[in-house]
Structures are given as structure tokens and as C-alpha cells.
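What follows is a short report on a single structure.
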Amino acid sequence: VKVLITGVTGVMARMVAERLVAGGHKVIGIDRRPWPDSPRGIQMFQADIRKRPAEDVFRTQRPDALIHMATVTHFSAGAEERYRINLDGTRVLFDHCHKYGVAQAVFVGRHTIYGAAPDAPLYRTEADPPLGVSTFPDLADMVAADLFAASALWRYPEIDTSVLRVVYTLGATPRSTLANFLRGHRVATVMGFDPLFHFMHEKDAAEATVLALEKRLRGVFNVAGPPPVPLTLLCRGTGRRAIPIPEPLYSLVLGRFGFAWLPRGAISHVKHPIVVDDAMFLEATGFQHQFDEIQVMEAFRMIEQV
Amino acid sequence: MWRFLVSPEVRERIERLDLPFNAYGLDPYGVSRDHLARFYTLLGIFYRHYFNVTAYGVEHIPSKGAGMLIGNHSGSLPVDGGMVIASLFYDLDPPRHTHGMVEKFAQYWPFVSAWFSRVGQLPGLPDHAKRLLRDGRILMVFPEGARGTGKLYKDRYQLVRFGSGFMRIALATNAPIVPFAFIGGEEALPAIYHARLLARLTGAPYWPVPPYLVPIPRPVPCQLYYSPPMRFVGDGSESDDVIEGYIDQVKARITAIIEHGLAQRDLPERERRPYEADGGDAVRPEVAP
């Protein structure tokens, strides 16, 4: 099949692209950023997904499937930019899929949309509401993009749409939401709280995305790997030191003293767990993760030693 | 670290728990073996020495698979829950771990939140209850909830309204219900007054004030009576009338166990008898004495 990947220069997207090429698929990539030494078999277009050149890729290349990974999740982008790319971008892509007869679409989203709250169930299923809008208001664009992508299931029923809610990824690259939080040698935790963190290896996440495509999934699926571990253990396993900060002082130390910066809303995500139930995805795809929690943490710890 | 806080007996018993620990000693719910060791050592001191709890009828608790322990809240702090957890650990062979259904406010409190999460005491949500039971765990529910611990001393051993959620969950998961009664908690911490302002400041549902002012339970000998399991017919989708009827049977059973326990309290320990229900697995209504 001919697969179009948006946001193809992202860490995980590259892995997905390479896996698809190795699996005999034809891969087209779109990204605003260039990918100078892109491997053979990947046809690269440098374009903004919301602009006309991107539509032209659909028109001329006629892909069979879309994997949408062009979402901005870092907060340095600014709220307006995030809304434009995550919402408008998702919208036009699904419209293109409909217009140019793309039979299948995979939206790669985040498990953080479930939001961390003290009174939320530990294991979230796909049916649970996205509390992220209230617990972490800065995530509203990701919540909306996720729900909007899923609306393609009834708006464009001819497209096999799947929405993946992937847990935090970690691995041999220092670029991911969780990697950013663990960037320094010292990690600020909220004193008296030690939530479970659910994460998987980025290679496993890429593999799961490829499986979702190959199995032609339809619907919303939580994607996870090994079971979650407490934050203090995550710090220890990745060679960090957890520094407990009393909650009233927490937002004051963020971005200072070598601690990573976090938006205000993220504090609930450092106090309470977001863990997902991936039983539906496992049943639909037979996915098995290759890296357990220890190997994932080790892989991340190794980055600095290299 | 902290190994000196763990008794060898606890360490040995923890090895025999049927929890799927990973290499770090964590189960999928975040229950940690190290935390359990310290938790059970501490509970053991209270169970055996401070409150001197005697448990009767522990053989009624399923030795494997799901089970729902349903009982009365006794005393103004949920020490009864801790003692039930301790009795399944110390008096059952092999020991079993009990998951309590905790009031949600506990998750807002620093340290309490982290500790409860590591020893499997999750917030009392139906999702948690169903998931744990389907995983074959033992669940402890006080259907009176905070209404039960929030009783004043003058209302001791009087059951207040039961929530109905536990019964629907038991039916949906086909888990046996083991009714039990906890005797002694009301005397350990008798609340004569509730301090509203303190409750509001701490986020707790109430703040008990005993005659001696500080809400710390006194060392009163306590007894735990487990009764034979009850099973009811249904899948949890029954109408409220049916469910209420089932709950009344459980409530009548617990009332009977409480009366049995109170009557035996002043007997010497070796003359006390476990509670024997006539026809434990019955669906027919219990005869309330």
C-alpha cells in the first residue's frame, strides 16, 4: 500500500516510515521540516499540512492510507499555533482523505487526554471521558483533535479511521514529552505524591502504529506496552534524582534549578496517574511489546553515556 | 533500606501472596512489595498488640479468586478496615491481600495518597471494584461509607443506609459476598461531637471529637466475625427493588453477626463461638432476629 505520513520527521514517525518501507510499503512523507538524508523508498515533500502544496500531494500521489502524526505537543509552540496545526491540520487532512479516496486513516494521539485526577479510575478505557480539558487546560487542543479525528468515523464512514491513544514514549532519543520532563539530572516531584507513569519504548509505539495500519483498525484504541511504574522508580530507573517539592512551591521551581519547565496544568499529571487499559488494542492486533519497563528506562538512561 | 522495619514473618508471608509482582516488586495496580512489607508490619502491631483483634470464621473467605467482604463501619476512623486487611494477611494460610475502597478525599492528601496507592487501597470507584474482582482479588467494602464512620457514639453498632453499588457489582462479577462484623471499634474511638470547621479545612467528610479530644483510637480489644458467603441470582441489571431486597438480606445478616458478637464480647476468649448462619449460600431472605 501507498502510505502518506504527516509530520514524518518526528522521532516516532521516522521509525514508522522505516518500518513500513522495510515491510514493502511505499511511503510518502510530508513535513514542514526537511529530512535531508531520508532513507531510500521514502518520498519526501516539504510542506505545511494546512497549505495547498500538501493537498497537491494527495492529488498527485493518491495515497491509499494516511498516518497522521503532525501534531504539536510541546508548549513552546504557543497556544494559537498548536490550535492551528492540531485542529485545522487534522480537519483538512480528513477532508483530503475523503476527497481523494484515501481508504484508511490512522491518527496518532496521546493518552494524556484522559487527564490526571484524584477521583478518576486508575485504568482508563476508551469509553472514559477525556478529563484532560479540565485537569490540564493547555491540552484542550489535543483533546479536541483526538475527538475530532474520531468523528471521521461517522462523518466519513467510507474511511477506516483509527485513533490511537499512545502512552508516553521513551527511548534512545531525548525528544518526547516524558523525555523532556526527565531532561535534567534532578526531577521535581510533588512531595507526598508518587503517581504511576505509563510509558513504552518509542520503537514499540512505532510498531503498534504500523500494526494499526496493517490490521485496518477502525475505532479508538489505547496503546500501551509494559505495566506502569511509580514516578520515583521511573526517576531511579533512568538515573535521575527525584527531588520532592512541597506543592505550594512546586510551580516556583519549575524551569529553575535545573528542573524542567512545565505548564501550570501539568502539575496534576505529576500528582495523579494516567494509566490506560490496552486490552482492546491487544485483542484487535495481537500486539506484543518488545521492551519491558526496565529496558525502556535503561535505553533512556544510556543516551547521556553515549 | 528500611529492612529493619519489616518482620521476618511478614517477609515470608508476602512471598506467598498471590499477586503478580514484576521484577521491581510491583503489580499492575502499583501495589509494591516493599511498601506492603512495611504496611503489614505496622498493621501487625496494631492487630496483635494494640487492639488485640481476634478473628472468627476466616475459613469463609475464598482462598483463591474474587470475594467481596461487606461489613459494618465501627469507630470514627476506618481502623476496622486496617484490621480486616491484617486478619486476611495474618490469619489466612496462604495469606491474601485485601483491596479496600477508600473515600476519594484520601487521594488529595499528600503522603496518604502515595501510600494508599502503593498498598492497593484505591479510591472507591465502581471501575476499580469491577476490575479488581475480575482479576480475582479480594475487595473490602463498607457500604455505609463515610456515613458509617461518621456515626456518633450514641448510634454505635446501628447500621445506617447501605449504598447499592456493591450489590450490583457483586452480581455483575459473580463474586461471593462474605458479610462480616467488626466489634470494638466504636469503643476504641467514641465520637461525641463532629468538628465541622476542621473537617472543612482538611477536606475530610467529618472530624470526630472523642471525650478525650484527640481523635486517636484507644487500645480496646476487638473481634472480627466472618460469616459464610452469600450469593445472589442476577447479573447486576435488576431493578432497584430487587437489589434493595438483596441488600436487606446482607444488612440483616450483618445485624445478626453484630448481635452475636456483642453478646459474646464479655465471654472469656475460649468460650466465644464463630457466627454460624443457617444456609449460607441461600438466596432466600435471612430471618432477622
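For the numbers below, each heavy atom of this structure counts, side chains included, while hydrogens, waters and symmetry mates do not. Labels below follow one simple rule: chain letters A, B, ... track the order of the sequence lines, proteins then strands, and each chain is numbered from 1.
- Heavy atoms closer than 4.5 Å to chain B are found in the side chain of Glu293(A), but not in its backbone.
- Both the backbone and the side chain of Pro28(B) come within contact range of chain A, with heavy atoms under 4.5 Å apart.
- Neither the backbone nor the side chain of Asp27(B) has a heavy atom closer than 4.5 Å to any heavy atom of chain A.
- Between chain B and the options Pro244(A), Pro118(A), Pro226(A), heavy-atom pairs under 4.5 Å are most frequent for Pro118(A).
- For the atom pair CZ of Arg118(B) and OG1 of Thr232(A), the computed distance is 7.0 Å after rounding to the nearest 0.5 Å.
- Heavy-atom distances place the backbone of Ala120(A), and not its side chain, under 4.5 Å from chain B.
- For chain A, the nearby parts of Tyr29(B) are the backbone and the side chain; heavy atoms of each come within less than 4.5 Å.
- Once rounded to the nearest 0.5 Å, the distance linking OG of Ser117(B) with CG of Leu196(A) reads 7.0 Å.
- The CG atom of Leu132(B) sits 10.0 Å away from the OH atom of Tyr123(A) when rounded to the nearest 0.5 Å.
- Taking 4.5 Å as the limit, every side-chain heavy atom of Val190(A) sits out of range of all side-chain heavy atoms of Pro110(B).
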Notebook entry, point to check: How far apart are the C-alpha atoms of Asp119(A) and Gln107(B), what are their side-chain angles, what is the distance that settles it, and do they pass the side chain to side chain contact (heavy atoms under 4.5 Å, CB included) test?
Noted result: CA-CA 7 Å; Asp119(A) 52 352; Gln107(B) 282 298 320; over 6 Å; no
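- Note: Asp194(A) leads Thr125(A), Asp128(A), Asp194(A) in heavy-atom pairs under 4.5 Å with chain B.
- In terms of heavy-atom proximity, Ile294(A) sits nearest to Tyr24(B) at CG1-CE1, 3.2 Å.
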Checklist line | Criterion side chain to side chain contact (heavy atoms under 4.5 Å, CB included) on Asn22(B) and Asp292(A), from CA distance to verdict | finding: CA-CA 10 Å; Asn22(B) 68 3; Asp292(A) 66 19; over 6 Å; no
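- Atom CD of Glu12(B) sits in a crowded spot, with more than 12 heavy atoms from other residues, nucleotides or ligands closer than 6.0 Å.
- Two rings, from Phe111(B) and Phe193(A), have their centers 6.0 Å or more apart.
- Considering all non-hydrogen atoms of both residues, Gly192(A) and Ala114(B) come closest at O-CB, 3.4 Å.
- Distance alone, capped at 3.5 Å, is enough to place a donor-acceptor pair between the His128(B) side chain and the Leu122(A) backbone.
- Atom CD of Gln288(A) has 12 or fewer neighbouring heavy atoms from other residues, nucleotides or ligands inside a 6.0 Å radius.
- Taking OG from Ser113(B) and NE2 from His272(A), the interatomic distance works out to 6.0 Å, rounded to the nearest 0.5 Å.
- Note on Pro121(A), Pro227(A), Pro228(A), Ala117(A): by heavy-atom pairs under 4.5 Å with chain B, the leading option is Pro121(A).
- No more than 12 heavy atoms of other residues, nucleotides or ligands lie within 6.0 Å of CD in Gln290(A), so this atom counts as exposed by the packing criterion.
- For Trp115(B), no part lies under 4.5 angstrom from a heavy atom of chain A.
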Item checked: Intermediate values then yes/no, side chain to side chain contact (heavy atoms under 4.5 Å, CB included), Arg131(B) and Asp277(A) -> CA-CA 11 Å; Arg131(B) 190 174 285 273; Asp277(A) 179 345; 2.7 Å; yes
